[in-house]
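Read the structure below first, then the notes.
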Amino acid sequence: MVDHRQRPARGVVGRARRAGARDRQRREEQQARDRDAGGGCPRPLRDTARVEVPELLWTPSPSQIERATLTRYQNWLVQTRGLRFESYADLWRWSVEDLEGFWSSICEFFGVRFEVPAERVLARREMPGAQWFPGARVSYAEHVFRGKPDGEVAIRHASELRDPGEWTWERLRLETARIAAGLRARGVTRGDRVVAYMPNIPETVAAFLACASIGAIWSSAAPELGTRSVIDRFAQVEPKVLLTVDGYRYGGRDYDRRSVGAEIAAEIPSLRRVVRLGYLDGSGWEPGFLADAELSFAALPFDHPLWVLYSSGTTGLPKPIVHGQGGILLEHLKKLHLHLDAQPGDRVFWFTTTGWMMWNFLVGVLLTEASIVLFDGNPAHPDLNTLWELSERTRMTCFGTSAAFIAGCMKDGIEPARGRDLSALRSVGSTGSPLSPEGFRWVYDELGAETWLFSTSGGTDVCTAFVGGVPTLPVHLGELQGRALGAAVEAWDPEGHALENEVGELVITQPMPSMPVGFWGDDDGSRYRDSYFDTYPGVWRHGDWIMVTDRGTALIYGRSDSTINRGGVRMGTSEIYRAVLAVPQVLDALVVDVPKAGTQGWMLLFVVLRDGEELADELLAAIRRRIREDCSPRHLPDEIRRVAAVPRTLSGKLLEVPVKRILMGAPADQAASRESLANPEALDYFVDLREAREREGNAG
């Protein structure tokens, strides 16, 4: 348990606390001036109409508020630093203005142990180039295992291959130590890269923690990812060791991956060793790999790389995003305790593969006193009841999923609580894409009014969500509850003015510790700067449309580079999908706006229909009517076409921009990496369509 008693302030934490006390009067005076000027925002806002408050779906009870770690943290700030905040909005504002005070408080509240203390919290504040905790040495893995009782369960797991099982902390510690010893015996030392082509199983978690304990740099990909996509990712980081599996089972079918592993190894010259886990045949790690040893932890510089994640790979070569040990440690301690509210006895699940940042995020739950639940397999096999059955069996308290999964359950008429005991389920999390208001309502209709639904938005780039769940705030239909502490999120117009109650570019105006250390191989930082800082110098542009309301809630409208502008009216594609998918005959949809000379663009809507349905005039009219009424008459598609499937990534994201590029003339293999897709054959239709238009002399 975290010790919340007041204790002497030492080193950088103590200096930051004293600095915070000296600055308190200045901050309060500034806040008063801000309120007088119009709501306390750091930049003047345009005069805008107040956004109507949507339906209230959930309010935390007094006991839930009292129990929340966020409440304990706020009480601790009062007791130890004399900082009292009347609302979450006030706490958030302090967290993004007094960065040193906030992040030093996170270190102290959660008892972060620095082998060597930092000279200060933030030596350089600018972006890019912020320098956090210079001189500090720390271990992410040490904080995972610290104080964990041997006999308590760390991991519950299930898959299509194995019977459900549990790993205690004793077993996880032992397996991590044995894998670390095996890696050291194969020459792995601090700074070496270890890549894993492995599924979402406990052995993969142990392998990652083994790397982190050594100071080796981890990178992973799901075994369903194709050979070229894996090579495109792993070859960039020049790994020394590849961990792989013999195969996996998905949708009731076995997939042998031995030859794929060999092909990957043959294409990466830096590899010195390949180590295989017999997952499909049940034989375990290859003989001679594991070695008995005590688990030890290397004390590493704060920004020493912990892992390399990759952008989705839908356009060009995936970006190898490097995150530091210390930055991820602090961000996940904050996010998973204060926002996810993971507590002792909780069992946290998120459906993910090892190739999505949500796997890294889920593993981070082990920094709390909750356990995690893993699932490897097809969530729709034999049907979409599978994960709800897992929820009942494991007594899940947090069910993490995607908006696409919830939409699928809605379409298939799934009733999660029918015939099941889901009484342990306290919360449902949704990410990956915007959750529609209908999705919000479905969760409350099916799981009950006491469920805390938190929709979140963030990204691989920071390995966290910077807008989403706040356990002490209410949930309104279609809205994200608030901006995360320490995340200075705003909506900006093209000129760099902050917006309220208007849709704008999602920007982050102050540095966060979990922002990338850089991109691997990007020695001069040019690729990193071009990715986030080319639009607003010194300010992170994330690439999403967001609206922040005057109540502090937020709505995400999809990617800003796929938003459709008609006569100055910008509309996120998620709004169009909401309208189209409300038509009963439509199962899925994709919309793109292709530039066409002399026009405002050519808007094409592609729909997937239920079996037996035809795209006849009556249905076309119903779709157009729904868009006109729910969205805007300006956003009626110029053409509606039926397709067998719309292309999605392995994490369920639509390929709007790649499809647009294909229709504009880009070769398909440059627009999208087929092996990063869940259904690569779905691209063929759009290639054929472009070629047909070119033959007709109408390539737009």
Side-chain angles (χ1 to χ4, degrees), residues 155-166 199-201 222 224 248-255 346-353 356 358-359 362 371-433 435-436 438-455 581-582 584-588 608-612 645 648 650-653 678-679:
I155 301 173
R156 292 171 174 83
H157 62 93
S159 77
E160 292 188 30
L161 264 173
R162 295 172 170 172
D163 293 332
E166 298 177 346
N200 186 20
I201 55 177
E224 59 264 34
Y248 65 97
R249 182 173 294 165
Y250 190 87
R253 176 184 170 188
D254 290 345
Y255 293 84
D346 281 346
R347 304 176 182 191
V348 178
F349 166 78
W350 215 288
F351 178 72
T352 181
T353 71
W356 188 21
M358 289 307 300
W359 182 84
L362 179 62
S371 59
I372 61 176
V373 181
L374 310 179
F375 176 78
D376 176 52
N378 184 346
H381 177 76
D383 56 42
L384 285 169
N385 285 299
T386 295
L387 295 184
W388 299 113
E389 292 168 358
L390 177 67
S391 178
E392 178 184 39
R393 186 167 63 246
T394 60
R395 302 291 292 169
M396 232 179 254
T397 60
C398 176
F399 183 101
T401 185
S402 65
F405 177 82
I406 291 175
C409 288
M410 292 168 59
K411 286 289 187 181
D412 284 7
I414 300 298
E415 299 177 90
R418 186 179 181 86
R420 298 190 186 94
D421 178 7
L422 299 182
S423 58
L425 193 61
R426 183 166 61 92
S427 62
V428 172
S430 174
T431 193
S433 58
L435 180 62
S436 70
E438 290 79 9
F440 275 74
R441 197 177 299 284
W442 180 87
V443 169
Y444 282 96
D445 287 345
E446 295 295 336
L447 297 174
E450 298 304 312
T451 306
W452 171 35
L453 169 62
F454 57 96
S455 179
L581 295 176
Q585 297 92 326
V586 179
L587 285 175
D588 208 353
V608 180
L609 302 182
R610 292 185 181 276
D611 290 341
R648 291 182 179 271
L650 289 168
S651 60
K653 295 183 179 180
N679 52 350

Q) Which word best sums up how the rings of W388 and F399 line up, parallel for under 30°, tilted for 30 to 60°, or perpendicular for over 60°? A) parallel

Q: In plain terms, say whether D376 and R162 are close enough for a salt bridge, that is, a side-chain N and a carboxylate O under 4.0 Å apart.
A: no

Q) For atom CD of E166, is the number of surrounding heavy atoms from other residues, nucleotides or ligands below 6.0 Å larger than 12? A) yes

Q. If you measure from OG on S402 to CH2 on W350, what distance do you get to the nearest 0.5 Å?
A. 10.0 Å

Q) Is there side-chain contact between L422 and M396, with at least one heavy-atom pair below 4.5 Å? A) no

Q: Test side-chain contact (heavy atoms from CB on, under 4.5 Å) on R648 and D588 and set out the steps.
A: CA-CA 11 Å; R648 291 182 179 271; D588 208 353; 2.9 Å; yes

Q. L453 versus L435: any side-chain heavy-atom pair under 4.5 Å?
A. yes

(Q) Minimum heavy-atom separation for L447 and P416, please, with both atom names. (A) CD2-CB, 3.9 Å

Q | Atom of S391, atom of L425 and distance for their closest heavy-atom approach | A | OG-CD1, 4.1 Å

Q.
Applying side-chain contact (heavy atoms from CB on, under 4.5 Å) to S159 and R249, what does each step give before you reach the verdict?
A. CA-CA 8 Å; S159 77; R249 182 173 294 165; over 6 Å; no

Q) How far does CD of E160 sit from CZ of F375, to the nearest 0.5 angstrom? A) 5.5 Å

**Q.** Within-4.5 Å side-chain heavy-atom neighbours: N378 and T386
**A.** no

Q) Picking from T352, N200, T353, what satisfies side-chain hydrogen bond (donor to acceptor under 3.5 Å, both in side chains) with W359? A) N200

Q: Using a 4.5 Å cut-off on heavy atoms from C-beta on, say whether the side chain of I406 contacts that of F440.
A: no

Q: Working to the nearest 0.5 Å, report the span between CG of D611 and CD of Q585.
A: 13.0 Å

Q. Stepwise, does the side-chain contact (heavy atoms from CB on, under 4.5 Å) test hold for K411 with R610?
A. CA-CA 10 Å; K411 286 289 187 181; R610 292 185 181 276; 3.7 Å; yes

Q | Taking every non-hydrogen atom, the tightest pair across S371 and R156 | A | OG-NH1, 2.8 Å

Q.
Working to the nearest 0.5 angstrom, can you tell me the gap between D383 CG and C409 SG?
A. 9.5 Å

Q) Rounded to the nearest 0.5 Å, what separation is found between the CZ atom of F454 and the OG1 atom of T431? A) 9.5 Å

**Q.** CA sep, side-chain torsions, deciding dist, call: E446, I414, side-chain contact (heavy atoms from CB on, under 4.5 Å)
**A.** CA-CA 9 Å; E446 295 295 336; I414 300 298; over 6 Å; no

(Q) A side-chain contact here means heavy atoms from C-beta on lying under 4.5 Å apart; do S436 and W442 qualify? (A) no

Q) Only one of V348, L390, T397 forms a side chain to side chain contact (heavy atoms under 4.5 Å, CB included) with V373, so which one is it? A) L390

Q. Taking the inter-plane angle between the rings of Y248 and Y250 on a 0 to 90° scale, is it parallel (under 30°), tilted (30 to 60°) or perpendicular (over 60°)?
A. perpendicular

Q.
Tell me if the CZ atom of R253 is crowded by more than 12 foreign heavy atoms within 6.0 Å.
A. no

(Q) Ignoring hydrogens, what is the shortest heavy-atom contact between A645 and N679? Give both atom names and the distance. (A) CB-ND2, 3.9 Å

Q: Side-chain contact test, heavy atoms from C-beta onward, threshold under 4.5 Å: evaluate it for L609 versus V586 and give yes or no.
A: yes

Q.
Is the shortest side-chain heavy-atom distance between P164 and T394 below 4.5 Å?
A. no

Q) Closest heavy-atom contact between G432 and W356? A) CA-CZ2, 4.1 Å

